[in-house]
Amino acid sequence: MKTVVALGGDGIGPEVVDAACYVLENMGVDLEIVKPPCGEKALKEYGTPFPKETMELTNSADAVLFGASGEASVIILAYLRWFFDTYANVRPVKYYEGVLTSIKNPEGVDFVIIRENTEDFYPGREGDISLLAERMPDYKDILGRRFADYGEGKFAVGLYTVKGCRRIAEFACKEALKRKRKGFPGKVTCVTKSNVLRETGGLFQRMVEEEVRRHPELTYEHFYVDDMARRIVRFPREMDVIVTTNMFGDILSDLAAELMGGLGMAPSACIGDKHAYFEPVHGSAPDITGKGIANPTATILSCVMMLEYLGMEKDAGKLEKAVAEVYRKGETLTPDMGGTAKTMEVAEAILRELM
Ligand code: NAD
Ligand code: IPM
Ligand code: MN
């Protein structure tokens, strides 16, 4: 039997993870779900948001379900991304009938953002400009200015490695091929800012282009991120597989979530070669924490992705169908979807569809 470790994290994280686990535990899947202490609650009780025993269980799990990080659980998120090296953040954008969205005609929206999850400006590498002035006194930027010319301030460094760009390019192409077999166009859309970031964005773009060329059955396009933000809103049905760098992917995935009903709906998977973890796109939502009104659907759809990853495609399909059915009926909706239902009521409605 496969083991899933469920880590709620902070804010609404434990609320939506509890709701998702309630569905998983009662739908009859062959999974052992373990819920060790973590997050804000563990910080209060044990003085750490990520006790050693929790970390050990996390290490040996077949998959991890994560809720959200606010302040306390950033360390857990960092562990899951950088120590597990989960470099591919898969963020599907799929409209389900009945969902309240921010666009007029959301029917048929079904694409995926593949966000590089380990490089770029993450984890923040920052410091005082004076440090650069001292260490790189001769470096001149495109304007001919040295760091010392800029006075007091801060810098941030973005890193993009050949290995990092290559593996996300490969992942995106595999995803496009997989989707093509299911009837999608088989198109990779690369998003960078290589007009300004010629070296870094240029490397990412080149690596994606090299990889796409190995797959003549795929089509390819590239857009700058500013134009892409507009295109996602204007031409959402033309998208298939979008591949982009970490921070652009972070921003574009919140934007694109609105096409499928917002953050309460948007799931994600963080996949590495040895580990994978699953989390909604949203955060700890301090403004609604403790009210019992968080939409658990994003987390439940993340469980669909988790079941697929674990090779339990049949269960994944059933669970996704149950979610779709609840929205088609439109009787049990949380406030973000225009209803008055509570988090657990949505979980119960989804479970009823599975029975
Ligand atoms: P957020 O995603 O927590 O919330 C943004 C808005 O969306 C809020 O109005 C919130 O109420 C709403 N929302 C989010 N999830 C919802 C749900 N399931 N149902 C209904 N409404 C929902 O983003 P934020 O407010 O910018 O950040 C709050 C904290 O979360 C910060 O500490 C941030 O760093 C963190 N964060 C963590 C993750 C993560 O763990 N992966 C993702 C995003 C933000
Ligand atoms: C996300 C979040 C995180 C990110 C934060 C909490 C570090 O916004 O998962 O989308 O920027 O990746
Ligand atoms: Mn984000």
Side-chain angles (χ1 to χ4, degrees), residues 6-20 38-40 49-50 64-82 84 86-93 99-102 113-125 156 158 244-258 260-271 277-303 323 327 332-347 350:
L7 305 173
D10 308 331
I12 62 165
E15 302 173 30
V16 292
V17 163
D18 280 351
C38 76
E40 289 160 344
F50 201 29
V64 174
L65 179 64
F66 182 61
S69 95
E71 292 270 303
S73 297
V74 171
I75 183 184
I76 304 178
L77 183 136
Y79 188 83
L80 294 171
R81 289 191 188 174
W82 286 282
F84 276 10
T86 51
Y87 59 88
N89 187 191
V90 183
R91 297 192 153 178
V93 182
V99 169
L100 187 67
T101 74
S102 301
I113 297 175
I114 307 290
R115 164 193 183 194
E116 199 293 316
N117 213 29
T118 57
E119 302 201 325
D120 193 353
F121 286 105
Y122 294 80
R125 298 173 198 88
T244 190
T245 49
N246 205 342
M247 196 169 278
F248 294 159
D250 177 41
I251 298 163
L252 292 179
S253 57
D254 264 42
L255 169 78
E258 282 302 329
M260 64 177 298
L263 291 172
M265 295 297 298
S268 95
C270 298
I271 313 280
Y277 87 96
F278 300 81
E279 62 174 348
V281 170
H282 67 71
S284 60
D287 53 339
I288 57 165
T289 296
K291 296 185 176 160
I293 56 165
N295 189 344
T297 310
T299 308
I300 293 170
L301 289 173
S302 303
C303 292
V323 170
Y327 282 96
T332 317
L333 304 171
T334 40
D336 58 314
M337 287 289 115
T340 55
K342 297 280 189 182
T343 306
M344 281 311 287
E345 286 168 353
V346 173
I350 292 170

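From a predicted model like this one, the values you see are computed outputs, not experimental measurements. We count ligands from 1, going down the list as the structure has it; atoms in each ligand are counted the same way.
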**Request:** Please indicate, with yes or no, if any protein heavy atom is found under 4.0 Å from atom 26 (O) of ligand 1?
**Result:** no
**Message:** Does only the side chain of Thr334 get under 4.0 Å from ligand 1, or the backbone, or both, or neither? Count heavy atoms.
**Reply:** neither
**Message:** Among all protein heavy atoms in this structure, tell me which lies nearest to atom 11 (O) of ligand 2, with the distance rounded to 0.1 Å.
**Reply:** Tyr122 OH, 2.6 Å
**Prompt:** Taking only heavy atoms of Arg91, which atoms of ligand 2 are found under 4.0 Å from at least one of them?
**Reply:** 1 (C), 9 (O), 10 (O)
**Asked** Where does Val74 meet ligand 1, judged by heavy-atom distances below 4.0 Å: at the side chain, the backbone, both, or neither?
**Response** neither
**Complete:** d(Leu100 CG, Leu333 CG) to nearest 0.5 Å is 8.5 Å
**Prompt:** Hey, does Glu71 come in under 3.5 Å of ligand 1, counting only N/O atoms on both sides?
**Reply:** no
**Message:** Geometry only, no angles: is Phe66 polar-contacting ligand 1 at N/O separations under 3.5 Å?
**Reply:** no
**Request:** Output yes when the distance from some N or O of ligand 2 to some N or O of Ser69 is under 3.5 Å, and no in every other case.
**Result:** no
**Prompt:** For ligand 1, does Asp287 get within less than 4.0 Å through its side chain, its backbone, both, or neither, judged by non-hydrogen atoms?
**Reply:** side chain
**Complete:** Heavy-atom nearest pair, Cys303 first then Ala20, reads SG-CB, 3.9 Å
**Asked** Is it true that Asp10 lies under 4.0 Å from ligand 1, counting heavy atoms only?
**Response** no
**Prompt:** Protein heavy-atom contact under 4.0 Å for atom 44 (C) of ligand 1?
**Reply:** yes
**Message:** Check for me whether Pro286 has a heavy atom closer than 4.0 Å to any atom of ligand 1.
**Reply:** yes
**Message:** Contact between ligand 2 and His282 is defined here as a heavy atom of the residue under 4.0 Å from a ligand atom; is it met?
**Reply:** no
**Request:** Just give me the atom name: the N, O or S atom of Asp250 closest to the Mn ion (ligand 3).
**Result:** OD1
**Prompt:** Can you list the atoms of ligand 2 that are under 4.0 Å from a heavy atom of Arg115?
**Reply:** 1 (C), 4 (C), 9 (O), 10 (O), 11 (O), 12 (O)
**Prompt:** Between the side chains of Thr343 and Glu345, does any donor sit under 3.5 Å from an acceptor?
**Reply:** no
**Message:** Counting non-hydrogen protein atoms only, what is the nearest one to atom 10 (O) of ligand 2? Give residue, atom name and distance.
**Reply:** Asp250 OD1, 2.9 Å
**Request:** Provide, to 0.1 Å, the distance between atom 14 (C) of ligand 1 and the closest protein heavy atom, together with that atom's residue and name.
**Result:** His282 CB, 3.6 Å
**Item:** Euclidean distance, Asn89 CG relative to Asn246 CG, rounded to 0.5 Å
**Value:** 8.0 Å
**Item:** Which of the ligand 2 atoms, numbered from 1, are nearer than 4.0 Å to a heavy atom of Arg81
**Value:** 1 (C), 3 (C), 4 (C), 9 (O), 12 (O)
**Request:** Look at the aromatic rings of Phe66 and Tyr277 and report parallel, tilted or perpendicular, splitting at 30° and 60°.
**Result:** perpendicular
**Item:** Nearest protein heavy atom under 4.0 Å from atom 18 (N) of ligand 1, yes or no
**Value:** yes
**Prompt:** Any idea which protein heavy atom is nearest atom 41 (N) of ligand 1, and the distance to it?
**Reply:** Glu279 OE1, 3.2 Å
